Amino acid sequence: MDKVVATAVEAVADVRDGASLAVGGFGLSGVPNVLIQALYERGVAGLGVVSNNCGAMETGLAVLLAAGRIARVTGSYIGANKEFARQYLAGELEVELIPQGTLAERLRAGGAGIPAFYTPAGVGTQVAEGGLPWRYDGEGGVALASPPKEVREFDGTEYVLERGIRTDFALVRAARGDRHGNLVFNKSSRNFNPLAAMAGRVTVAEVEELVEPGEIEPDAVHLPGIFVQRVVALTAEQVADKKIEQRTVSS
């Protein structure tokens with residue numbers, strides 16, 4: 001099945017206000033910037049986003065965040081995104097912070113059809129006991145806090161129950177992809193992109209290099225096409241448009 005869609009705008013045309021999105025990327029690596037920009041141009045709002053972080057340097061999800069298009073973020077890292085912190089503390093944005101490994105497994109579990117799992121990460125903290133501020137009231141108080149989670153003992157060790165994550169859509173970026181949706185990711189962009197792709201009921205992948213079926217060795221495939229519904233081939237200009245988050249010089 002040829003899953004290639006002509007444009008990014010066409011690929012996200014059915015993403016509506018209030019939709020939930022799993023978005024790949026790690027820092028500035030492997031972020032589906034073209035698909036995010038297409039959503040911005042469509043004016044979609046009220047989005048619930050699941051992603052490791054919410055963009056940086058006015059790129060990636062930061063484009064939607066700055067425009068007030070995101071209502072809720074499920075992630076593990078705020079970093080240097082000052083607008084993210086401002087909206088969160090002002091009560092404009094609901095945020096569920098999750099240990100990074102737990103977030104990765106929640107996405108993978110959702111994509112694998114596993115509704116929940118136990119993990120030791122977070123036991124004895126507000127992650128398990130509840131009380132993490134999900135939304136502030138804008139005056140320093142907590143308007144909505146996380147609920148307590150089930151904790152169970154196995155072989156003398158306590159574990160907290162975490163739910164798998166499923167979203168309406170997933171947006172990811174791959175280094176290579178074929179027309180059947182088989183994808184290959186480059187280095188750290190592999191951290192969250194395959195997991196986000198698994199979690200989406202409809203997954204859209206922008207690929208830097210589009211190849212024909214059979215050109216990617218089966219053993220080299222990082223994510224099989226069964227998890228991908230649409231593929232968008234990027235232009236050379238779009239592929240080259242990559243930002244550097246921290247510039248350093250050597251002595």
Side-chain angles (χ1 to χ4, degrees), residues 3-15 19 21-45 47 49-70 73 75 77-84 169-179 181-197 200 202-212 215-216 220 222-223 228-250:
K3 300 177 181 178
V4 176
V5 179
T7 67
V9 172
E10 181 182 348
V12 298
D14 54 348
V15 179
L21 306 172
V23 182
F26 191 76
L28 300 186
S29 301
V31 179
N33 290 312
V34 175
L35 293 170
I36 291 170
Q37 184 64 30
L39 279 182
Y40 172 78
E41 293 171 1
R42 287 196 54 238
V44 182
L47 298 170
V49 171
V50 183
S51 185
N52 177 59
N53 57 290
C54 202
M57 296 175 58
E58 301 178 349
T59 65
L61 287 170
V63 173
L64 295 174
L65 183 74
R69 308 283 182 78
I70 298 177
V73 175
Y77 183 69
I78 294 178
N81 192 327
K82 294 181 179 180
E83 178 59 16
F84 188 136
F169 295 88
L171 308 180
V172 299
R173 180 170 182 143
R176 300 183 77 204
D178 65 22
R179 293 181 178 274
N182 298 301
L183 304 179
V184 177
F185 302 95
N186 187 30
K187 297 182 173 65
S188 59
S189 65
R190 189 179 175 187
N191 286 1
F192 275 95
N193 269 303
L195 308 173
V202 175
T203 294
V204 187
E206 58 181 63
V207 299
E208 298 181 1
E209 180 187 3
L210 178 65
V211 300
E212 295 302 318
E215 290 190 45
I216 301 175
H222 294 153
L223 183 80
V228 179
Q229 282 68 49
R230 300 166 195 165
V231 175
V232 178
L234 301 181
T235 65
E237 182 180 8
Q238 290 169 332
V239 171
D241 185 20
K242 295 180 179 179
K243 304 294 189 295
I244 298 174
E245 190 168 3
Q246 299 289 341
R247 293 181 179 273
T248 61
V249 293
S250 58

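Sequential numbering from 1 along the given sequence is applied to the chain's residues. If you're wondering where the values come from, they're calculated on a predicted model, not measured in any experiment.
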Do you know the tightest heavy-atom contact between [X] and [Y]?
| X | Y | value |
| --- | --- | --- |
| Arg190 | Pro194 | O-CD, 3.1 Å |
| Asn53 | Gly27 | OD1-N, 3.4 Å |
| Ala62 | Asn81 | CB-ND2, 4.2 Å |
| Gly25 | Phe192 | O-CB, 3.8 Å |
| Ala170 | Ala196 | CB-O, 3.2 Å |

Taking the side chain as every heavy atom from C-beta outward, state whether [X] and [Y] have any pair of such atoms under 4.5 Å apart.
| X | Y | result |
| --- | --- | --- |
| Val228 | Leu223 | yes |
| Leu21 | Val15 | yes |
| Pro32 | Val172 | no |
| Val73 | Ser51 | no |
| Leu234 | Leu210 | no |
| Val31 | Thr59 | no |
| Lys243 | Asp241 | yes |
| His222 | Leu183 | no |

### Task
Please list, chain by chain and in numerical order, all residues satisfying side-chain hydrogen bond (donor to acceptor under 3.5 Å, both in side chains) with Asp178, sequence neighbours excluded.
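With sequence neighbours excluded, Asp178 shows a side-chain hydrogen bond (donor to acceptor under 3.5 Å, both in side chains) to Asn182, given in chain and number order.
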### Message
Just to verify, what does Asn33 make a side-chain hydrogen bond (donor to acceptor under 3.5 Å, both in side chains) with, not counting sequence neighbours?
### Response
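Scan of Asn33 (side-chain hydrogen bond (donor to acceptor under 3.5 Å, both in side chains), adjacent residues dropped) gives none.
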### Query
Is the closest basic N to carboxylate O distance between Glu208 and Arg176 below 4.0 Å?
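Judged by the 4.0 Å cut-off on N to carboxylate O distance, Glu208 and Arg176 do not form a salt bridge.
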### Query
Under the side chain to side chain contact (heavy atoms under 4.5 Å, CB included) criterion, do Ile70 and Cys54 qualify, and how do the steps go?
CA-CA 10 Å; Ile70 298 177; Cys54 202; 3.9 Å; yes
### Task
I would like to know whether Val5 and Val204 meet side chain to side chain contact (heavy atoms under 4.5 Å, CB included); could you show each step before the answer?
CA-CA 9 Å; Val5 179; Val204 187; over 6 Å; no
### Task
Could you give me the CA-CA distance, side-chain angles and deciding distance for Leu64 and Ile36, then say whether side chain to side chain contact (heavy atoms under 4.5 Å, CB included) is met?
CA-CA 8 Å; Leu64 295 174; Ile36 291 170; 3.9 Å; yes
### Query
When rounded to the nearest 0.5 angstrom, what is the spacing between CD in Gln229 and NZ in Lys3?
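The distance works out to 6.0 Å.
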### Query
Which residue pairs satisfy the salt bridge (charged side-chain N to carboxylate O under 4.0 Å, His left out) criterion with at least one member in residues 230-239, sequence neighbours excluded?
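Listed once each, the pairs are Asp14-Arg230.
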